Amino acid sequence: MSTILVTGGTGTLGVLVVARLRQAGHEVRVLSRHATEYPVDLSDGSGLDAAMAGAEVVVHCASDTRGAGKEDHTATRNLVESARRAGTVTNIVYISIVGVDVVPLGYYRRKLQVERLLEGCGLGVTILRTTQFHELVAQLVDAAAKLPLVPVPVPGGVRVQPIAVGEVADRLAELAVPTPSGRVPDMGGPEIHLLPDLARTYLAATGRHRRVLPVPLAGKAYAGFRRGGHLAPSHAAGRTTFAEFAAGRGGR
């Protein structure tokens with residue numbers, strides 16, 4: 001069994017990755033600023049070397065979503081430098097997003113910068129791009145539903161291919177081995193639907209009988225989404241549909 005370091009191990013995806021790796025018998029080190037055992041601040045690298053000592057694999061799930069990814073490049077550079085000093089890391093597994101090289105969204109651009117940093121770092125790397133998680137669609141609709149507007153406004157003309165976060169965690173756990181795989185095939189959800197249709201499905205499943213208003217937006221990023229640059233129709237590897245996810249939310 002390997003010693004595996006997981007960044008972002010307390011997040012939506014990271015907690016599931018950690019659980020799967022531990023179930024498989026690996027020693028897993030969860031990095032966090034407030035962790036008792038491995039307190040690490042990726043923004044300045046403090047605590048990283050102690051956590052990295054003896055690790056063979058790093059699963060990099062941490063991401064600065066609130067800051068549009070501004071800290072991601074610095075955090076990853078600190079991670080790579082620590083891995084080099086450790087001398088034992090043979091595979092850094094990174095979770096990215098389908099379309100980071102096509103859709104001109106600031107956060108996507110920074111994810112692409114991280115991919116390129118890793119590919120050129122000289123260490124073994126595995127990169128998996130996936131489509132959006134079911135939870136992201138739900139968060140968007142929940143936020144729109146809180147607005148004092150009737151009907152609920154959501155971006156129109158955008159198709160989405162949401163995937164179950166647990167299925168992505170399964171795939172990352174499979175890839176978290178000492179031998180790197182490079183850029184692996186993208187991973188998308190089982191179905192593609194217009195975002196307003198998914199909003200209607202989610203609102204109905206959660207008992208909110210609201211109308212949905214598709215709203216056109218401006219900008220190059222929105223145009224990129226309308227063109228479907230974030231979709232992976234030929235890699236529909238997911239099994240759980242958004243309707244099934246929404247039904248589960250409605251039953252909570």
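The figures that follow rest on heavy atoms only: side chains count, while hydrogens, waters and symmetry mates do not. As the structure is a prediction and not an experimental result, all values here were calculated from the model.
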- Query: When you look at V177 and L175, which way does the side chain to side chain contact (heavy atoms under 4.5 Å, CB included) test go after all the steps?
  - Reply: CA-CA 6 Å; V177 295; L175 295 170; 6.0 Å; no
Side-chain donor-acceptor pair under 3.5 Å between [X] and [Y], yes or no?
X: T76; Y: Y94; result: no
X: S46; Y: D41; result: no
X: S96; Y: E115; result: yes
X: T12; Y: E135; result: no
X: E191; Y: T241; result: no

Whether [Y] and [X] form a salt bridge (side-chain N of Lys/Arg under 4.0 Å from carboxylate O of Asp/Glu) is what I want to check.
X: R84; Y: E81; value: no
X: D142; Y: R208; value: yes
X: R129; Y: D101; value: yes

- Message: I need the I163 CD1 to H235 NE2 distance, nearest 0.5 Å.
- Response: 12.0 Å
- Ring centres under 6.0 angstrom apart (F245, F242): yes
- Item | Minimum-distance pair of heavy atoms, taken over all atoms of P216 and Y222 |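 Shortest heavy-atom contact: CA-OH, 3.6 Å.
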- Would you say the side-chain atoms of H26 pair up with the backbone N or O of S2, donor to acceptor, closer than 3.5 Å?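 Side chain of H26 to backbone of S2: a pair is present.
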